Amino acid sequence: MRYMKPEEIDWNNLKFGYTRTPVNVRCYCRDGQWGEIEEHAEETVTMHMAATALHYGQTAFEGLKAFRCPDGKVRVFRMDENARRMQSSAEYLRMGVPSVELFCEMVTRVVTLNKEYIPPYESGGSLYIRPVIVGSGPQLGVKPAGETLLLMFVSPVGPYYSGGMKGISAIIDRTHDRAAPFGTGHTKAGGNYGASLTSALEGHEKGYDSVLYLDPAQHRYIDECGAANFFGIRVDAAEEGGRAHYITPASHSILPSITNKSLRQIAADFGMEVEARQVELDELNTFSEAGCCGTAAVITPVSTIFDPADGKTYRFGEGVGLWSKKLYDELVAIQHGEVEDRHGWNTVLDL
Ligand SMILES: *Cc1c(COP(=O)(O)O)cnc(C)c1O
């Protein structure tokens, strides 16, 4: 597959998909020692056919973005958080664990080497960075690989919302769980995503945009919405002070989203009450807004949630709610350096 020259890319019509860029970076850990960062042009990886990634699912990934900003600089959002989350995935899956410094150096290198592929600010796009970590060494028994490969590639992606923020429909999945109660849900292990495909596709076949997962132990509390975290907004009655609450589920099987963590901080900055705790399904009745959040879309408003158990549909309005929009606008403004980066989230690159 040849790659497009930057001037051939139609920046205003990019989707969230793979576009080849000239360089990816790789680093191997052998016998507990990380080697030099390598730069590669090819899109393929050669590894042993008995690599543990291939048959035992020793693989995890990350996703983060770099933005071309109105001041001409490039900003990478919270890459140290992605580094730490990849560390926790790699630790749990017994792979080589990259240091935060190595992870961040590789992110900086792959963004710098592909800087012509960062979409212009005006297009609303960004450069999506995909770190992947795999057990690349051979093993026949179920044991960790002796070699770990950390690789990172990038792809320019379009804005998630081109025609305004539309709400999605979700169906509660009561026949599949995303992760086990004390399983791998808190990590970005590849297996979680292979295991969610049937659930997602069955949801689509039934006519829903996404599926809502409940806690796998009791199916009583809300866990996640597809591969994104879930939140709801509740506003107290005026006579009780009219305070807005940002409420998001807490559970061992939820992947700790960095977008959600950032939104919780921004909500607190706005003076909202932030609650991260178990959220019963019934509580959906008290939310005026609902949404899912993650790097790809920041916030996707949820318009309806259908529960096949009792045929009930919870409704949260068609488009984006007031508070969701405020939170979205503030996070995006921080990412683009348009308001003060008061929590030190951005790495600013002069590219
Ligand atoms: C990656 C992911 C998210 C979102 O995490 P961010 O750090 O905000 O991108 C949420 N849930 C699941 C299951 C994920 O894999």
Side-chain angles (χ1 to χ4, degrees), residues 16 57 59-67 76-90 92-93 100 103-104 107 126-133 152 154-155 157 160 168 170 173 176-181 183-200 203 209-216 221-232 246 248-267 276 279 290-300 302 324 327-328 330-332 334-335 343 345-347:
F16 190 85
T59 120
F61 67 98
E62 275 300 327
L64 63 160
K65 281 178 172 176
F67 303 87
V76 188
F77 189 66
R78 304 198 80 170
M79 64 174 163
D80 56 318
E81 289 284 342
N82 292 92
R84 276 188 282 275
R85 193 169 65 191
M86 176 160 268
Q87 285 183 323
S88 100
S89 300
Y92 191 80
L93 297 176
V100 172
F103 184 96
C104 293
V107 170
S126 57
L127 190 72
Y128 187 79
I129 305 151
R130 170 50 58 87
V132 186
I133 192 163
M152 297 190 189
V154 297
S155 181
V157 297
Y160 211 81
I168 61 160
D173 193 340
H176 313 94
D177 293 316
R178 194 188 81 86
T184 50
H186 63 297
T187 71
K188 242 175 148 71
N192 294 342
Y193 304 84
S196 72
L197 294 175
T198 290
S199 162
D209 300 312
S210 189
V211 291
L212 190 75
Y213 296 107
L214 302 180
D215 82 275
Y221 305 102
I222 297 169
D223 248 13
E224 289 205 72
C225 191
N229 277 190
F230 180 81
F231 69 89
Y246 178 96
T248 189
S251 141
H252 180 75
S253 43
I254 292 177
L255 193 274
S257 153
I258 296 159
T259 311
N260 192 357
K261 187 174 182 179
S262 309
L263 291 171
R264 291 200 301 272
Q265 180 63 59
I266 293 169
V279 178
C292 15
C293 59
T295 294
V298 182
I299 288 175
T300 307
V302 175
S324 300
L327 291 163
Y328 174 88
E330 182 71 7
L331 183 51
V332 169
I334 293 174
Q335 288 175 328
H343 302 291
W345 289 341
N346 294 320
T347 301

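Every value quoted in this text rests on a predicted model; they were computed, and no experiment measured them. Each ligand, and each atom within it, is numbered from 1 in the order the structure gives.
- With contacts defined as side-chain heavy-atom distances shorter than 4.5 Å, the pair V211/Y213 qualifies.
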Does ligand 1 have any N/O atom under 3.5 Å from a protein N/O, and what are those pairs and their distances?
from: ligand 1; atom 1: 7 (O); to: R85; atom 2: NH1; distance (Å): 2.8
from: ligand 1; atom 1: 7 (O); to: R85; atom 2: NH2; distance (Å): 3.1
from: ligand 1; atom 1: 7 (O); to: I258; atom 2: N; distance (Å): 2.9
from: ligand 1; atom 1: 8 (O); to: S257; atom 2: OG; distance (Å): 2.6
from: ligand 1; atom 1: 8 (O); to: I258; atom 2: N; distance (Å): 3.3
from: ligand 1; atom 1: 8 (O); to: T259; atom 2: N; distance (Å): 2.9
from: ligand 1; atom 1: 8 (O); to: T259; atom 2: OG1; distance (Å): 2.6
from: ligand 1; atom 1: 9 (O); to: T295; atom 2: N; distance (Å): 3.0
from: ligand 1; atom 1: 9 (O); to: T295; atom 2: OG1; distance (Å): 2.6
from: ligand 1; atom 1: 11 (N); to: E224; atom 2: OE1; distance (Å): 2.6
from: ligand 1; atom 1: 11 (N); to: A227; atom 2: O; distance (Å): 3.4
from: ligand 1; atom 1: 15 (O); to: K188; atom 2: NZ; distance (Å): 2.7
from: ligand 1; atom 1: 15 (O); to: Y193; atom 2: OH; distance (Å): 2.4

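- Among residues two or more places apart in sequence or in another chain, the ring-ring contact (aromatic ring centres under 6.0 Å, His included) test is passed with Y246 by F231.
- With sequence neighbours excluded, no residue forms a ring-ring contact (aromatic ring centres under 6.0 Å, His included) with Y221.
- Side-chain contact check for E81 versus L64: every heavy-atom pair is 4.5 Å or farther apart.
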### Task
For side chain to side chain contact (heavy atoms under 4.5 Å, CB included), just list the numbers for N260 and R264, CA-CA rounded to whole Å, side-chain angles, deciding distance to a tenth of an Å, and then say yes or no.
CA-CA 6 Å; N260 192 357; R264 291 200 301 272; 3.5 Å; yes
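- T259 pairs by the side chain to side chain contact (heavy atoms under 4.5 Å, CB included) definition with S257, L263, C293, T295, V298, L331, not counting sequence neighbours.
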